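Structure first, then comments.
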Amino acid sequence: MEGILRVDMGAAGGPKASVVPLGEYAGLGGRAMTSAIVSREVPPLCHPLGAENKLVIAPGLLGGSAAVMSGRISVGCKSPLTGGIKEANSGGQAGQVLAKLGYAAIVLEGRPATDDLYKIVIGPGGVKILADNSLRMLPNYDLIEKMKAEHGDKIACISIGPAGEMKMSAASVAFTDMELRPTRHAGRGGVGAVMGAKGVKVIVLESGGLKFRTPKNPEKFKEANRTFAEGLKKHAVTGQALPKYGTNVLTNILSEAGGYPTYNFKTGTFSEAHKISGETLAETETRRGGMATHGCHTGCVIQCSGVYMDKDGHYMTKQPEYETVWAHGGNCGICDMDAIARLDYLDDNFGIDTIEMGATIGVAMEAGLAKFGDAEAAINLIMEVGKGTPLGRILGNGAAVTGKVFGVERVPVVKGQAMPAYDPRAVQGIGVTYATSPMGADHTAGYAVATNILKVGGFVDPLKPEGQVELSRNLQIATAAVDSTGMCLFIAFAVLDQPETFQALIDMINAFYGLSLTADDVVALGKKVLKMERDFNERAGFTAQQDRLPRFFYTQELPPHNVTFQVKDEDLDKVFNW
Amino acid sequence: MGEIHRGFLLEPSNMVESEETGAVAKKRGPSRLTLVVAGEDVSSFFRILQRGFYVRAAMESALLTFLCRGLGLSPEYVTGRITTIFLDGKPVDDLEESRVVHGSHLSLSAAMPGLVGAVLRRGSQYASFREAITYRQDQGHRGGAEGVVHLKLFNLVMEEVGPTLLRRGVIVGSRELREFFLSEPEVLTACEEVLLDGAAATREMLQDGEWPFTEEFVDLKVVTERHGQDL
């Protein structure tokens, strides 16, 4: 990846594109790239929807190569939802294609002088920026059909739906999958609103005839890639559970553990969990002619995705993920899988973060706008968002805004971002990550685990309560590093149990770039990324007070275990002491 | 998978104890439902295994003993495959120290994804993350020579252990079973034979009209062939 594509949307005479050398950003990819650019170039006190903010889209270090699992793509900016730095991550095809086109990042800068909406087309022949107001307020599925008609099917698209155009803080950036459907999303933190503020509706990447990026040491790369893929396939999680059931396999488990936030974080168990579990979902998909095993990007060998059909065998949506099934399911008391699939489709089509939307509807139900369990009402609320009605604009700006407007106390957010599908009162260590991550409440921020990474810097006794702080720190460091490679985070499970699989990942990076990285270097990269992000947030006005959970987690006991969040504030403040 | 020790897991009896009142009485109507299905249709009943069913346990025992002798699982399968276990809703770390008694709720799963999946795993090095909910054995046991355990099977364990337990027979709440057939009518449509207390019956008896089971629980068997089966 030789350069960065900078698109100045506010240039005199109209938007202009230029390709610049990597310079100080050489050697960075994914989250490391987006956080480096945002932390260095975006004034932390800027308005997120203003000209000074930048939207950075970056594939990972191994993007565009033959490395398995390397197709993730990062989207970074100052978040309109949290007010701090944001990196949101997605699957889909765009990461592979953008890297093969030779770009380490796209940076959207400035703001258009007019209200025109733009399409950007990037191909081997160059870059075109075209005003196209016929795209205005098109939902993502309709938009992609139009792009297919105009550009053929050898494309990958990055787009926003109506929510992004309306600059709602829950708006996502959509990425097309291998079937050219807009089903993968960089969901968190309102990145879609920033793309909307830049006046960009869609970026079309032309993928025809592109070749894999070439490693410096092809033989070693091939060997490491083979070892890595074998490790993933032989592991019970990555080789069996995830392909068979998808991420929603967690529904039964979390409900059983009493950590499944139900009825807007009121209880930790959902009595109807079995109706919306991954096991039931897979069986339904198979019976209806859908797919229970499916990859979201070329090179994925875990294949945790799927395709969900209605009872007549027609496409409804991609297989909903655990977070989506929880957010629109148990969190709202809904146990109808078809309704949840419909909600998932609407989120994808309008371009909304499913976690934020589900949490928001849960808060709305708590406020009395709908009854818990009323799927039809939940669908109607999302339709309000898509139409941009006054109620829709409130809901589309997330759980915190909705809670404030309707006077709700139990609003599960940190730094303004809604909490995902694990209650921190039951799994307190997750609460440490929710509270302290620069991203806000984020379940993937401290997700990657690696045995030898954890031993670097000292051994932590996992049985001591104070181990949670050290574990969260190490997990956040490891995750920041993995997010920079472009690797799907689900490699982490195999890496947890199989040190040789983690070593194969490092060997792949070394063979590709001709480096000699060690596990210590991976740790150093993760720390560097987190330091940049914490520094940005501090300059944006964040203090330790933002590294806390909402008060109700400390005072309201969560059934069935009747526990509250017990980690002390002074311990939370130690997470980034290294 | 090994043999289930029949002395360990009790056979269905003609007596029934009401969970609500504790009264014991002779059963009034049919109590056993046997369904003969094609092999690929056994999975249609897996939702029952997820929601939960009952097995009778002959004695208070260590969890490992219950799983091996009661459910007929090999120690290698238990330790290698069933890596996530909840006892009374709490994640278990020690198979020998944790004890199954009358009224225990037990859930079995293979290794789960995600950080939380790793956290909840038996013997996890991230166990501190869920310190507040980890299973700890009470020193005072409820005791009793025999009892009933509520069991749930999830994901790969459900697929691998479920068919054997369904063939052997499980106890299901009558109301829950009726709800299941009403919500999944195609399950009964796929049944090749229906037997009530061993006597031939029709699918319609379970779908339309009056539900034939008057007791609180039903002994359910799902088999793929009649030969050699005690129906």
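Residue numbers begin at 1 in each chain, while the letters A, B, ... track the order of the sequences. These numbers were taken from a predicted model, which means no experiment stands behind them.
Heavy atoms closer than 4.5 Å to chain A are found nowhere in B/E40, neither backbone nor side chain. With a 4.5 angstrom heavy-atom cutoff, A/I430 touches chain B via backbone and side-chain atoms both. Only the side chain of A/V563 comes within contact range of chain B, judged by heavy atoms closer than 4.5 Å. Neither the backbone nor the side chain of B/A110 comes within contact range of chain A; no heavy atoms are under 4.5 Å apart. Both the backbone and the side chain of B/F154 come within contact range of chain A, each with at least one heavy atom under 4.5 Å from a heavy atom of that chain. Heavy-atom distances place no part of A/T238 under 4.5 Å from chain B, backbone and side chain included.
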**Message:** Would B/E186 and A/R287 count as a side chain to side chain contact (heavy atoms under 4.5 Å, CB included) here? Give the steps.
**Reply:** CA-CA 11 Å; B/E186 66 275 8; A/R287 182 160 35 91; 3.4 Å; yes
**Asked** Could you go step by step and tell me if A/Q240 and B/L156 meet the side chain to side chain contact (heavy atoms under 4.5 Å, CB included) rule?
**Response** CA-CA 8 Å; A/Q240 293 172 14; B/L156 297 169; 3.5 Å; yes
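Using a cutoff of 4.0 Å between basic side-chain nitrogens and carboxylate oxygens, A/E279 and B/R47 are not scored as salt-bridged.
Side-chain atoms of A/H443 and B/L115, non-hydrogen and from C-beta on, never get closer than 4.5 Å to each other. B/E159 is listed as a side-chain neighbour of A/K244, based on a closest heavy-atom distance under 4.5 Å. The shortest distance between side-chain heavy atoms of A/I253 and B/L120 falls below 4.5 Å. At a threshold of 4.5 Å between non-hydrogen side-chain atoms, the residues B/K90 and A/H561 count as touching.
The shortest non-hydrogen separation linking A/A257 to B/F86 is CB-CE2, 3.4 Å. Between B/P113 and A/L250, the closest heavy-atom pair is O-CD2, 3.5 Å.
Although no hydrogens or angles enter the test, the distance criterion places a donor-acceptor pair under 3.5 Å between the side chain of A/Y245 and the main chain of B/N155.
In this model, no donor atom of one side chain and acceptor atom of the other lie less than 3.5 Å apart for A/E283 and B/S43.
Taking chain B as the reference chain and counting heavy-atom pairs below 4.5 Å, the highest number among A/A241, A/G258, A/A426 is found for A/A426. When the candidates A/Q428, A/Q566, A/E272 are compared by the number of heavy-atom contacts under 4.5 Å with chain B, A/Q428 comes out ahead. Residue with the most contacts toward chain B among A/N252, A/T269, A/L254: A/N252 (heavy-atom pairs, distance under 4.5 Å). Chain B forms the most heavy-atom pairs under 4.5 Å with one residue out of A/V567, A/V249, A/T247, and that residue is A/V249.
The distance from atom NZ of A/K275 to atom OG of B/S183, rounded to the nearest 0.5 Å, is 6.5 Å. Of the inter-residue distances, the one linking B/Q50 atom CD with A/H274 atom NE2 reads 7.5 Å to the nearest 0.5 angstrom. A distance of 8.0 Å separates CZ in B/R51 from OG in A/S271, rounded to the nearest 0.5 Å. Here the CZ-OG1 distance, from B/F46 to A/T280, works out to 11.5 Å after rounding to the nearest 0.5 Å.
Evaluation of the ring-ring contact (aromatic ring centres under 6.0 Å, His included) rule for B/F213 yields B/W211 as partners, not counting sequence neighbours.
Sequence neighbours left out, the pairs with a member in residues 422-434 of chain A that pass salt bridge (Lys or Arg N to Asp or Glu O under 4.0 Å) are A/D423-A/R425.
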